[in-house]
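Atom set for the values below is all heavy atoms of this structure, side chains included, hydrogens, waters and symmetry mates excluded. One-based numbering, in listed order, for ligands and for the atoms of each. Fair warning: this is a prediction, and the values are worked out from it, not measured in the lab.
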Amino acid sequence: MAKEKIIVGLDIGTTKIATIVAKIDDNKKDLEIIGVGISESFGMKKGMVTNLEAVTSAIEKSVSAAEEMAGVRINKVYAGIAGAHIKGINSRSAISVQRPDKEITKYDVSRVMEAAQTVSIPVDREIIYVLPQDFIVDEQCGISEPVGIAGNKLEAEVHIFIGAVTSIQNLIRCVNEAGIEVEEIAPEPLVSSYAVLNEDEKRLGVILADMGGGTTDIAIYVNGILRHTAVIPVGGDQITNDLSVGLRVPVSEAERIKKEYCKAMYFEEDKTDPVDIPCNGNQGERMFSQKELSFIIKPRLEEIFWLIHNEVRSSGFEGLTASGLVLTGGTSQMKNIDKLGEKIFSLPVRKGAPNTSIKGLHDLINNPIYSTGVGLIHYAWKKHCEDNSKNELNIFEKTFNKLGSLIKALP
Ligand SMILES: Nc1ncnc2c1ncn2[C@@H]1O[C@H](COP(=O)(O)OP(=O)(O)OP(=O)(O)O)[C@@H](O)[C@H]1O
Ligand SMILES: [Mg+2]
């Protein structure tokens, strides 16, 4: 009998709201994206809710577009959360293994994971998600699955995502007001990395920057392990504002010019580009050169890159990211932004969009604006697989225990 389940990722961005619908087929162990909905975002600033009603109505539009394409009704979503209040902290804990045969059990793993979460956080913050980074058994590190291994001491390294209680509440409220339940809240820097980075990059060390409209989400992997995350409250909307002020044109016109003509760096070979770019403002149509546009936007882009650079430096992982920098999010579509990144970081820089490891609608989702939305599907799928294996283990344990008691009851 086919066992199908629908999972939905809801990316409530500062600029757009994206809903991604995927279908899980448990029999075939298969996942396929079957619907995408997008709407313009209103009522969000720098990744945080500023107008509940506006956000709710934008969510409704995005969700109903996705429902129409997928031909399903959406009741529950995995929602991404960003904003400068999201912090990632590393923690480590240790326990002694108590079984006489010293074999590590699931119970030991949950004990050590719990112990790792006993960090002091401010009262107005809460834990969003705890990601296991590494398990260490008797000083031997690099163990991803310690159950069944024998040892005296089990240690866990974890990355804990915390966020402001009120910001989380506001986000959940907007989704609920749209008639939808929140299955889970997931940190955006983590989920974007699931959608964009490949295993080799993570192993060699890499910095991911999801450059959106109001925020830039950062994730740093070293030796295949997520070691540092941060959200900085800057993004493409500031570039648009600079253009709007610099050219004295409305924001909508500045946005059009930015997307159509602006380059992060201007090279001599770009001389062949159109010289006169028409900009329509209150003073009628005026002409600007590529060089003039670049002159206005470059300082802001440099500022964003230097903020990312500072974050990498303060994380303590500078020099350990041989794969360089991967840029995603809408702002990464700016022409020559990778070249500017290379100049500032002296590292290889690539532009990334959601990878094609999930089936379905590749042409549509192969766009850096969908990295968080598709990442949420990866996150939900991971959770689903973990729950399934827990259930299977429970069934196995129950049967095993039953058999055990039957044997004990034998005369
Ligand atoms: N071709 C382009 N060139 C430059 N910027 C672009 C281009 N296309 C989109 N953008 C910019 O990308 C930004 C939107 O990106 P994205 O959709 O990733 O943001 P978001 O997820 O809504 O916001 P956030 O993640 O910050 O909350 C906008 O500032 C938009 O102007
Ligand atoms: Mg975003």
May I ask you to identify the nearest protein heavy atom to atom 10 (N) of ligand 1, giving residue, atom name and distance to one decimal place in Å? Gly330 O, 3.4 Å
Show your working on side-chain hydrogen bond (donor to acceptor under 3.5 Å, both in side chains) between Lys351 and Ser332 and close with a plain yes or no. CA-CA 7 Å; Lys351 294 184 179 191; Ser332 72; over 6 Å; no
Counting each atom of ligand 1 from 1 as listed, which ones have a heavy atom of Ile369 under 4.0 Å away? 17 (O)
Counting only nitrogen or oxygen atoms and a 3.5 angstrom limit, does Lys258 reach ligand 1? yes
Heteroatom distance test (Asp217, ligand 1): nitrogen or oxygen, under 3.5 angstrom: no
Is there a side-chain contact between Ile168 and Glu126 (heavy atoms, below 4.5 Å)? yes
Look only at interatomic distance and state if Thr15 has a nitrogen or oxygen under 3.5 Å from any nitrogen or oxygen of ligand 1. yes
Report yes if the side chains of Val196 and Arg350 come closer than 4.5 Å at any heavy-atom pair, otherwise no. yes
List the closest protein heavy-atom neighbour of atom 1 (N) of ligand 1: residue, atom name, distance to the nearest 0.1 Å. Gln333 CB, 3.6 Å
Numbered in order shown, the ligand 1 atoms found under 4.0 Å of a heavy atom of Gly329 are 18 (O)
In sequence, state the C-alpha distance, the side-chain angles, and the governing distance for Asp210 and Thr372, and then conclude on side-chain hydrogen bond (donor to acceptor under 3.5 Å, both in side chains). CA-CA 8 Å; Asp210 183 335; Thr372 300; 3.2 Å; yes
Within ligand 1, which atoms have a heavy atom of Asp237 less than 4.0 Å away? 28 (C), 29 (O)
Between His309 and Trp306, is the ring centre distance below 6.0 Å? yes
Taking only heavy atoms of Glu255, which atoms of ligand 1 are found under 4.0 Å from at least one of them? 30 (C), 31 (O)
Considering only NZ, NE, NH1 and NH2 on the basic side and carboxylate oxygens on the acidic side, decide whether Lys46 and Asp237 come within less than 4.0 Å. no
Salt bridge check: are Glu40 and Lys61 linked by an N-O gap of less than 4.0 Å? no
Who's closest to atom 3 (N) of ligand 1 heavy-atom-wise, of Met334, Gln238, Glu40? Met334
If you have a sec, work out which protein heavy atom is nearest atom 27 (O) of ligand 1 and how many Å separate them, to one decimal? Thr14 OG1, 2.6 Å
For the pair Tyr129 and Phe161, name the ring-plane relationship: parallel under 30°, tilted 30 to 60°, perpendicular over 60°. parallel
Where ligand 1 meets Gly236 - atom numbers and elements under 4.0 angstrom, heavy-atom basis: 29 (O)
Cationic tip of Lys202 within the cone over Tyr221's six-membered ring, i.e. under 6.0 Å and within 45° of the normal? yes
Is it the case that ligand 1 has an N or O less than 3.5 angstrom from some N or O of Lys16? yes
Which protein heavy atom lies closest to atom 19 (O) of ligand 1, and at what distance to 0.1 Å? Gly213 N, 3.1 Å
State plainly whether the residues Lys339 and Glu342 are in salt-bridge range, i.e. N to O under 4.0 Å. no
Identify the protein heavy atom lying closest to atom 25 (O) of ligand 1, giving its residue, its atom name and the separation to 0.1 Å. Thr215 OG1, 3.6 Å
Report yes if some N/O of Pro368 lies less than 3.5 Å from some N/O of ligand 1; otherwise report no. no
